[in-house]
Amino acid sequence: MNNKSTKHTKVLILGSGPAGYTAAIYAARAMLKPILVHGSQPGGQLTTTTDVENYPGYSKVIQGPWLMDEMKGQAEAVGTEMIQDHINKVDLTKKPFTATGDSGQVYTADSFIISTGAQARWLNLKSEQEFRGFGVSACATCDGFFFKDKEVAVVGGGNAAVEEAMFLTKFASKVKLIHRRNELRAEKMLQEKLKANKKIEIIWDSVVDEVLGDKEPKGVNGIKIKNVKNNKITELKVHGLFIAIGHDPATSLFRDQLKMDKEGYLITKPDSTETNVPGVFAAGDVKDKIFRQAVTAAGMGCMSALEAEKFLSKTN
């Protein structure tokens, strides 16, 4: 290993977003001089969210990308070194931990905070991507409020889809749940609740074919759905489309090194961000498939930095 290309830090943070930036703020304030490595789009999922109304501390609507820029600036101001690189290999089997970037840079660290996040699965339709953030969303708790007294559609058939549909009935006048099969995968109790809700209509054996909308002001005004049995196309008038077909945590890098559940989320100890490897911590959506909020991710980022500080003080 060429020493010129090795950078050492007490705390290496992988991934930005609210979890990574908050971890960096706390670690830097503890004089640990953290290095945060982020990809080409720092800020995580919040950079694809426009209006944010549920982050504490702001009485006016704020923009997701702006909030992430502010957190990044704060982390830098208190002493975090930010590096853009793509980590393609990590070794958590021996101390110090090592991570290798596409740039050829080798990072060594006494402790490791993983906040690589998760990505919502999308339908990958051109029209869906065009209206992302303008009526197409993957988070009902983030965006449901914007569809007061409007008709919306939810795509999916698991617990997440059913929960999103139920949540949206608080705001929307009608919720259409579109599922490609003729039965849901969601838990039976949830299904019963769903079917009892007068505001929800289930459309079976169907997939979204196209998202329709206006260019000015930009927004969704309908969707085309295709029946998978007879290929018949129907048009539905809706103002919002919520995709609830699951998330993929960015954890492939840690396979066979850290404990994860069957969906690939990192498993941490109760009331802790510590993984099964002492000194390695996980914060945010990379370990949390329940809440997935900016504020809970930030909270876990704080926990991970405090736990890393405690770990380092014991090992030094």
Side-chain angles (χ1 to χ4, degrees), residues 1-28 30-45 71-72 75-76 79-119 248-260 264-268 272-288 297 300-312 315-316:
M1 200 192 296
N2 180 344
N3 277 347
K4 253 196 307 197
S5 66
T6 301
K7 260 183 172 318
H8 183 72
T9 178
K10 287 177 182 165
V11 185
L12 181 65
I13 301 165
L14 269 204
S16 45
Y21 288 149
T22 308
I25 291 163
Y26 274 80
M31 302 300 165
L32 296 172
K33 297 193 175 71
I35 291 176
L36 185 150
V37 179
H38 61 78
S40 53
Q41 283 182 301
Q45 292 181 88
M71 283 195 194
K72 183 177 188 231
E76 284 175 318
T80 304
E81 186 182 348
M82 299 271 176
I83 298 172
Q84 185 186 325
D85 199 353
H86 179 261
I87 301 294
N88 56 35
K89 200 167 86 210
V90 295
D91 184 357
L92 306 176
T93 59
K94 55 185 187 294
K95 297 272 173 47
F97 304 123
T98 58
T100 311
D102 280 350
S103 61
Q105 179 73 60
V106 175
Y107 306 87
T108 60
D110 300 324
S111 68
F112 214 115
I113 293 173
I114 300 163
S115 52
T116 44
Q119 259 105 28
D248 294 310
T251 54
S252 53
L253 209 51
F254 313 105
R255 204 159 281 141
D256 306 324
Q257 298 196 64
L258 293 176
K259 275 190 187 147
M260 16 182 121
Y265 288 88
L266 296 178
I267 295 170
T268 57
S272 166
T273 62
E274 194 178 358
T275 65
N276 59 302
V277 175
V280 179
F281 306 89
D285 286 16
V286 76
K287 64 139 286 183
D288 167 29
M300 279 180 259
C302 159
M303 288 163 64
S304 67
L306 295 174
E307 288 189 291
E309 183 187 7
K310 197 170 170 188
F311 169 80
L312 293 168
T315 50
N316 284 352

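Quick note: numbers below take in every heavy atom, side chains included, and nothing from hydrogens, waters or symmetry partners. Everything numeric here is computed off the predicted structure, so don't read it as measured data.
Nearest heavy atoms, Pro18 versus Thr22: O-OG1, 2.6 Å. Closest of all the heavy-atom pairs between Pro34 and Ile13 is CB-CD1, 4.0 Å. In terms of heavy atoms, Ala305 sits closest to Ala23 at CB-O, 3.4 Å. Closest of all the heavy-atom pairs between Leu266 and Met260 is CD2-CE, 4.0 Å. The two residues Ser16 and Gly43 make their nearest non-hydrogen contact at OG-N, 2.7 Å. What you find for Glu274 and Gly279 is that their closest heavy atoms are OE2-N, 4.0 Å.
One distance of note links CG of Leu36 with CD of Glu76; it measures 9.0 Å at 0.5 Å rounding. Separating the CD1 atom in Ile267 from the OG1 atom in Thr275 is a distance of 10.5 Å, to the nearest 0.5 Å. To the nearest 0.5 Å, the span separating OH on Tyr107 from OG1 on Thr100 amounts to 9.5 Å. Leu253 contributes atom CG, which lies 7.5 Å from atom CG of Asn88 (distance to the nearest 0.5 angstrom). One finds the CD1 atom of Ile35 at 5.0 Å from the NZ atom of Lys7 (value rounded to the nearest 0.5 Å). A distance of 6.0 Å separates OH of Tyr21 from NE2 of His38, quoted to the nearest 0.5 Å.
Looking only at distances, no side-chain donor or acceptor of Thr80 sits under 3.5 Å from a matching main-chain atom of Met82.
Within the 4.5 Å cutoff, side-chain heavy atoms of Gln45 are placed close to those of Asp285. Side-chain contact between Leu92 and Leu258 is present, with at least one heavy-atom pair separated by less than 4.5 Å. The shortest distance between side-chain heavy atoms of Phe254 and Val90 falls below 4.5 Å. Side-chain contact check for Thr9 versus Thr108: every heavy-atom pair is 4.5 Å or farther apart.
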Per-pair distances, 0.1 Å, donor-acceptor, side chain in residues 111-119, under 3.5 Å, sequence neighbours excluded:
from   : atom 1 : to     : atom 2 : distance (Å)
Ser111 : OG     : Lys10  : O      : 2.9
Ser115 : OG     : Leu14  : O      : 3.0
Ser115 : OG     : Gly15  : O      : 3.1
Thr116 : OG1    : Ala250 : O      : 2.8

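Defined by atom type and a distance below 3.5 Å, a donor-acceptor pair is present between the side-chain atoms of Ser103 and Asp85.
Around NZ of Lys95, the count of heavy atoms belonging to other residues, nucleotides or ligands within 6.0 Å exceeds 12. No more than 12 heavy atoms of other residues, nucleotides or ligands sit less than 6.0 Å from atom OH of Tyr26.
Listed by chain and residue number, Glu307 satisfy the side chain to side chain donor-acceptor pair (under 3.5 Å) test with Thr273 (two or more places apart in sequence, or in another chain).
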